[in-house]
Amino acid sequence: FCDTEMGKNKIQRTKLSEDIDALSAAIEEGKSTILKLAEDTATLTTEVEELEKAMAEATTLRLKEKAANTETVTDAKAAQKAVQAATAVLKAFYAKASTATAFIQLKADPAAWGLKTGVKMGTDEWDALANPNFEGTIDKGHKEGMQTFGEQEEGQQDE
């Protein structure tokens, strides 16, 4: 009887040891899975934080661009109204001008403008009109053959 019981116990011990080993392996596998998932969670949390930061920066940039665009649109609308007003003024002017039949040019009265008349070029009075405080010699004009710069240009007079 003892041998039979001892044999049964030995088989049962072996089976239970195998079960314990299998469960221990399952526990270790579960622990490694937990560790891997914890690392993945940490990585994903970091990535989510980076994405949220990037989204906040993009939102701020978009709001600035929207404000600039709104200002540009407002300026463009104001300019459009100004152009329409200017066009209306020009249309009205040219509509009135189209009824005119002729232009008459009248002789201007130089005295009305405070201009002297009868002053001849090259006279002392002419020179005084140019600069009354000028002291020195006045260029009375170039004479034939005078050069003002470099060598005399011959050109292609013969052709």
Side-chain angles (χ1 to χ4, degrees), residues 1-106 108 110 112-115 127 129-139 141-142 146-159:
F1 169 77
C2 283
D3 286 337
T4 307
E5 287 298 321
M6 289 287 278
K8 283 181 188 178
N9 283 340
K10 186 175 182 183
I11 293 173
Q12 190 175 14
R13 253 189 318 212
T14 305
K15 184 178 180 212
L16 290 176
S17 289
E18 289 174 358
D19 289 344
I20 289 174
D21 289 343
L23 291 173
S24 294
I27 289 172
E28 290 300 319
E29 185 178 339
K31 285 181 181 179
S32 71
T33 302
I34 289 171
L35 185 63
K36 170 104 172 79
L37 291 175
E39 289 174 0
D40 290 348
T41 302
T43 302
L44 292 174
T45 302
T46 304
E47 290 176 358
V48 167
E49 289 172 356
E50 289 173 358
L51 285 173
E52 287 175 347
K53 183 179 175 184
M55 284 177 24
E57 289 174 1
T59 300
T60 303
L61 182 61
R62 277 194 303 276
L63 290 175
K64 286 180 184 177
E65 289 174 350
K66 181 181 179 185
N69 189 39
T70 302
E71 184 178 336
T72 301
V73 168
T74 303
D75 290 347
K77 285 181 180 178
Q80 192 175 27
K81 287 179 183 178
V83 168
Q84 287 173 348
T87 303
V89 168
L90 288 173
K91 283 182 180 178
F93 172 78
Y94 284 115
K96 290 176 187 174
S98 67
T99 61
T101 56
F103 289 108
I104 299 174
Q105 186 172 0
L106 302 175
W113 292 86
L115 301 175
D127 295 337
L129 287 173
N131 183 355
N133 299 324
F134 179 75
E135 294 178 12
T137 60
I138 297 172
D139 182 11
H142 294 299
M146 269 179 90
Q147 288 296 303
T148 56
F149 58 89
E151 295 180 15
Q152 185 171 354
E153 175 64 35
E154 293 297 324
Q156 298 177 346
Q157 289 96 1
D158 295 336
E159 293 180 14

Problem set entry | Nearest-0.5 Å distance that lies between atom CD1 in I27 and atom CD1 in I34 | 10.5 Å

For this session: Report the distance from atom CD of E18 to atom CG of D21, rounding to the nearest 0.5 Å.
Result: 8.0 Å

Exercise. Salt bridge between K36 and D40, side-chain N to carboxylate O under 4.0 Å?
Worked result: yes

Exercise. How many angstroms lie between CG in D19 and OG in S24, if you round to the nearest 0.5 Å?
Worked result: 10.5 Å

Exercise. Heavy-atom count around Q84 CD within 6.0 Å, excluding the residue itself: above 12?
Worked result: yes

For this session: Taking the side chain as every heavy atom from C-beta outward, state whether L16 and R13 have any atom pair closer than 4.5 Å.
Result: no

Exercise. Rounded to the nearest 0.5 Å, what separation is found between the CD atom of E49 and the OG1 atom of T45?
Worked result: 6.5 Å

For this session: Enter the distance from K66:NZ to R62:CZ here, rounded to the nearest 0.5 Å.
Result: 11.0 Å

